[in-house]
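Single-structure report; data block below.
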Amino acid sequence: MPLIETQNLTHVFPDGTVAIENINLKIYAGEFVIIAGANGSGKTVLARHLNGLLQPTKGQVLIEGQPICKNIVNARKKVGLVFQDPDRQFVGQTVAEDVAFGPENLNLPPTQVETVVKASLEVVGLSPFSRQNPHVLSGGQKRKLAIAGILAMKPKIIIFDEPFTGLDYPGVVQVLQQILHLHAMGHTILLITHELEKVLAHADRLVIIYKGHLVEDGKPEAVVYRSERYGVRMPLRKGEEVKEMSWLK
């Protein structure tokens, strides 16, 4: 059984704009899947349906075979979404308070919340910053804090929406290493990006969304050679360095 599945998933905005249409996608436990597409292709709209932030106009999303509309809270525990702009996710005055927000809203006992917060910060390497204000962290550290907040909910699937936007090279390395670590720990990873060169070497599948439709889904080494017809830059061109794709592998 797929861990998550979309069936004819369609979303039409109130003005009549079709954001995504008839998306049929299956994600299995333990996979690392890249969802790529040009700006405005519908990638983020798709992602926000996967944990119930948006409701479909038509079709449905299933988590472990059950429609997420039956239990949105449970869906958001199983599917964590790290936004493109991490500042939008921060609600606490300190790093530790921010990570505690999710578990506290699940009405966990204070001692259990403290344990979860400590463990989540240790995973992302932010334990020394627990008393810091989230907004003074570096770009890479903010992404790590957003990840820690998701980890505190103990999700099976973690979705990253354009996780490298606005980061310098050290920040990209920090975040990519963290994503790879989470995958190695057993989390299913969905990564939305148009920057294939940073992650393609690590993915099991490459899915391409084009003008709201799922147009490609397969092994990265096969799909990538058709990516540019859909407005997604192919990482390797004739004569370019192979190492562009293989960094951090």
Side-chain angles (χ1 to χ4, degrees), residues 32 35 43-45 47-54 72-195 198-199 248:
F32 189 138
I35 299 178
K43 306 185 302 295
T44 296
V45 173
R48 293 188 177 200
H49 281 81
L50 301 183
N51 73 343
L53 288 177
L54 287 177
I72 292 293
V73 173
N74 185 57
R76 291 176 184 169
K77 286 172 62 179
K78 292 184 177 180
V79 183
L81 175 58
V82 180
F83 291 101
Q84 181 174 340
D85 180 4
D87 285 286
R88 294 177 58 190
Q89 291 185 248
F90 301 150
V91 294
Q93 295 299 308
T94 69
V95 165
E97 287 178 3
D98 193 79
V99 177
F101 179 79
E104 285 174 346
N105 277 271
L106 295 177
N107 295 317
L108 297 182
T111 54
Q112 190 173 346
V113 171
E114 184 179 350
T115 299
V116 168
V117 169
K118 182 178 179 181
S120 299
L121 289 176
E122 284 178 355
V123 169
V124 300
L126 288 182
S127 297
F129 303 93
S130 63
R131 297 180 182 275
Q132 287 269 25
N133 185 309
H135 298 285
V136 304
L137 300 176
S138 70
Q141 289 170 336
K142 286 180 178 180
R143 295 281 162 82
K144 286 185 173 184
L145 176 54
I147 294 169
I150 295 298
L151 287 178
M153 302 293 285
K154 300 188 182 300
K156 293 185 176 182
I157 305 168
I158 305 178
I159 305 171
F160 295 89
D161 188 0
E162 297 287 0
F164 309 115
T165 298
L167 296 182
D168 56 13
Y169 177 77
V172 170
V173 172
Q174 282 183 41
V175 173
L176 180 56
Q177 287 178 329
Q178 192 62 61
I179 292 171
L180 297 178
H181 177 57
L182 293 172
H183 186 233
M185 289 172 61
H187 291 284
T188 301
I189 303 294
L190 270 68
L191 195 150
I192 297 171
T193 187
H194 62 277
E195 301 178 89
K198 293 181 172 64
V199 292
L248 282 181

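Sequential numbering from 1 along the given sequence is applied to the chain's residues.
Between the side chain of Asn133 and the backbone N or O of Thr94 there is no donor-acceptor pair closer than 3.5 Å. A donor-acceptor pair under 3.5 Å is formed between the side chain of Thr115 and the backbone N or O of Thr111. Distance alone, capped at 3.5 Å, is enough to place a donor-acceptor pair between the Arg143 side chain and the Gln84 backbone.
The two residues Leu137 and Lys142 make their nearest non-hydrogen contact at O-CE, 3.3 Å. Considering all non-hydrogen atoms of both residues, Arg76 and Gly52 come closest at NH2-O, 2.9 Å. Looking at every heavy atom in both residues, Ile159 comes nearest to Val79 through CD1-CG1, 3.6 Å. Pro103 and Val99 make their closest contact through CD-O, 3.2 Å (heavy atoms, listed as atom of the first residue, atom of the second, distance). Closest heavy-atom contact between Val116 and Ala152: CG1-O, 3.4 Å. Taking each heavy atom of Leu151 and Ser120 in turn, the nearest pair found is C-OG, 3.9 Å.
To the nearest 0.5 Å, atoms CG (Leu145) and CD1 (Ile150) are separated by 10.5 Å. Between Phe90 atom CZ and Glu97 atom CD the span is 13.5 Å, to the nearest 0.5 Å. Within the model, atoms CD1 of Ile189 and CD1 of Ile158 stand 5.0 Å from one another, a figure rounded to the nearest 0.5 Å. Taking CG from Leu182 and CD1 from Ile147, the interatomic distance works out to 6.0 Å, rounded to the nearest 0.5 Å. The structure places CZ of Arg48 at 7.0 Å from CG of Asp161, a figure rounded to the nearest 0.5 Å. In this structure, Leu53 CG and Ile72 CD1 are separated by 8.5 Å, a value rounded to the nearest 0.5 Å.
Every residue was checked against the side-chain hydrogen bond (donor to acceptor under 3.5 Å, both in side chains) condition with Lys144, not counting sequence neighbours, and none meets it. In terms of the ring-ring contact (aromatic ring centres under 6.0 Å, His included) criterion, His187 has no residue partners (sequence neighbours excluded). Under the side-chain hydrogen bond (donor to acceptor under 3.5 Å, both in side chains) criterion, Gln178 pairs with no residue at all, not counting sequence neighbours.
When the shell of 6.0 Å around CD of Glu122 is examined, it contains more than 12 heavy atoms from other residues, nucleotides or ligands.
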_Trace of the side chain to side chain contact (heavy atoms under 4.5 Å, CB included) decision for Val123 with His181_ = CA-CA 9 Å; Val123 169; His181 177 57; 4.1 Å; yes
*Give the intermediate values and the outcome of side chain to side chain contact (heavy atoms under 4.5 Å, CB included) for residues Phe160 and Thr193.*
CA-CA 8 Å; Phe160 295 89; Thr193 187; over 6 Å; no
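Looking at Leu50 and Leu81, their side chains never come closer than 4.5 Å, going by heavy atoms from C-beta outward. Residues Thr188 and Leu190 meet the side-chain proximity criterion, which asks for heavy atoms closer than 4.5 Å. Contact annotation: the side chain of Lys43 approaches that of Glu162 to within less than 4.5 Å [non-hydrogen atoms, C-beta and beyond]. In this structure, the side chains of Leu121 and Phe129 stay at 4.5 Å or more apart for every pair of heavy atoms.
Shown are Ile179, Val82, Leu176; of these, the side-chain contact (heavy atoms from CB on, under 4.5 Å) with Pro163 is made only by Ile179.
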